[in-house]
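These numbers come from the heavy atoms of this one structure, side chains and all, not from hydrogens, waters or symmetry mates. In what follows, chains are A, B, ... by sequence order, proteins preceding strands, each numbered from 1.
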There are 2 protein chains.
Amino acid sequence: METDWVAGRRAQMMEETRARLIQAARQAFATKGFAASSMDDLTAAAGLTRGALYHNFGDKKGLLQAVVDRIDAEMAARLAVVGERAESPWQGLLDEYRAYIEMAVEPEIQRIVLLDGPAVLGDPSTWPSQNACLAETTRRIRALVAEGAIPPVDPEAAARLLNGASLHAALWVAASDAPEATLAKALDAFRRLAEGLAIG
Amino acid sequence: METDWVAGRRAQMMEETRARLIQAARQAFATKGFAASSMDDLTAAAGLTRGALYHNFGDKKGLLQAVVDRIDAEMAARLAVVGERAESPWQGLLDEYRAYIEMAVEPEIQRIVLLDGPAVLGDPSTWPSQNACLAETTRRIRALVAEGAIPPVDPEAAARLLNGASLHAALWVAASDAPEATLAKALDAFRRLAEGLAIG
DNA sequence: CAAATTACATACGCGGCGTATGTCGATGGA
DNA sequence: TCCATCGACATACGCCGCGTATGTAATTTG
């Protein structure tokens, strides 16, 4: 009979394999993009072959999905920490979005989650991960409405629009040749938009 | 010697060829996406071969660029008409963005310009077409600031953020199973954000 | 009239994806 | 203890699609 100990060890091996593939994929997708990344190269870099990949993730898109889910979860965690530190819920929201924009400038996040992800996997809301990052900001806006800090608004709608605005701000900053100045302009404009929620 | 008449006729033939390829590409890219569209199928549908394609557009990305430029120009023209019809400049801006969101729901525009375009060609601001659509909204915001209708803000920053918000609103609406209701919620939230520009 | 150029079509090679098949260790019943 | 099974990968194969090199017919130029 298979002991729990042995079974657990086997499962741990598989998780190790998956983790290594995901890590290699992050590296490849971030630097070369999804389309230009070869599965052979990618798996070889992880010390495996395409067999392991198709066994664990089904196909190339499945691997991208796994990578996206992982990064998205990391982003949501980072956002929650930032939002919690703020002195007021409203300031927490602004801080979260500032952090979001700054994260979205990171090449890995921008390339994988914001460009290739939607293009290959479709609208983020249809992702299995349900876009934890979006859920986090939606939750925060919902709380603001519930406690009367801002006038009623559909939380998901507001979160989606603000996320979209942040994402484009990040693309703009990343492509700019004066990132600092561009970021400042983007953040200023963003604040103006967000305050429309607080006032209107 | 080549007469002007003959030269003009030759140029017209090439434009005809380019137009047919672009049209076939629009159809293919819109329905199957850029990556899944075969150049052989695409050119055959236009009654040509890949030879014509590489001669006129360089490579597959070049064709996408041409398609994107064309659609972008059409969008900008449609937006300008909508904005001009409004009774006030501010209302013109709101009308333009309403039109933008509704356009962005159209599968062809969403798939080609908003998803595959940025993923394959990079940030829209780096496109040769200079994103006529974005330029149009930037121009309008600049005018609003100039005439004192809204407090000073960097026009490009504001336009980019609003475009991003609109785009994500459109993705949301398109993926929704109750598009009408979703569109209403999106438009309401968008109006709140935009008013942040007017007030803040 | 020969040489060069244009605007395509045809032919070829290479890489990459997905799948079918093989392998090896672990498991589990007789 | 032995063999049949199964899971987790590796290997092998075929097909498709892109880019490029080459061919070709019409036209222009010297």
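Here A:D116 pairs with A:R111 under the side chain to side chain donor-acceptor pair (under 3.5 Å) rule; sequence neighbours left out. Shown here are the side chain to side chain contact (heavy atoms under 4.5 Å, CB included) partners of A:T43, two or more places apart in sequence or in another chain: A:L21, A:R50, A:L53. Under the side chain to side chain contact (heavy atoms under 4.5 Å, CB included) criterion, B:A149 pairs with B:L144, B:E147, sequence neighbours left out.
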Pairs under 3.5 angstrom, nitrogen or oxygen only, protein versus nucleotides 14-18 of chain C, please.
unit_1	atom_1	unit_2	atom_2	d
C:dC17	OP1	A:S37	O	3.2
C:dC17	OP1	A:K60	NZ	3.0
C:dC17	OP2	A:M39	N	3.1
C:dG18	OP2	A:Y54	OH	2.4
C:dG18	N7	A:R50	NH2	2.8
C:dG18	O6	A:R50	NH2	2.2

Under 3.5 Å between N/O atoms: give me all the protein pairs with nucleotides 21-23 of chain D, atom names plus distance.
none

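In this structure, B:H55 does not reach the C:dC8 phosphate: none of its side-chain N or O atoms is under 4.0 Å from OP1 or OP2. Note on A:T17: every side-chain N or O is 4.0 Å or more away from OP1 and OP2 of D:dA8. Phosphate proximity of D:dC9 to A:N56: present, with a side-chain N or O under 4.0 Å from OP1 or OP2.
The stretch residues 96-120 of chain A participates, sequence neighbours left out, in these ring-ring contact (aromatic ring centres under 6.0 Å, His included) pairs: A:Y97-A:F190. For residues 181-195 of chain B, the side chain to side chain donor-acceptor pair (under 3.5 Å) pairs, not counting sequence neighbours, are B:S176-B:T182. A salt bridge (Lys or Arg N to Asp or Glu O under 4.0 Å) check over residues 91-105 of chain A, counting only residues at least two apart or in different chains, returns the pairs A:E96-A:R140, A:R98-A:E102.
Rounded to an integer number of Å, the gap from CD of B:E16 to P of C:dC8 is 10 Å. One interatomic measurement links the two molecules: CG of B:L53 to C1' of D:dG19, which rounds to 11 Å at whole-angstrom precision. One atom, CZ of B:F57, and another, C1' of D:dG19, lie 17 Å apart when rounded to the nearest Å. As a whole-Å value, the separation of B:L21 CG from C:dC8 C1' is 11 Å. Rounded to an integer number of Å, the gap from CG of B:L48 to C1' of C:dA9 is 10 Å. What separates CE of A:M14 from P of C:dG25 is a distance of 19 Å, to the nearest Å.
Within a 6.0 Å radius of NZ in B:K61, no more than 12 heavy atoms belonging to other residues, nucleotides or ligands are found.
Between A:L93 atom CG and A:I141 atom CD1 the span is 5.0 Å, to the nearest 0.5 Å.
Hydrophobic clustering, defined by side-chain heavy atoms of Ile, Leu, Val, Met, Phe, Trp and Tyr closer than 4.5 Å, leaves A:W172 isolated from every other such residue.
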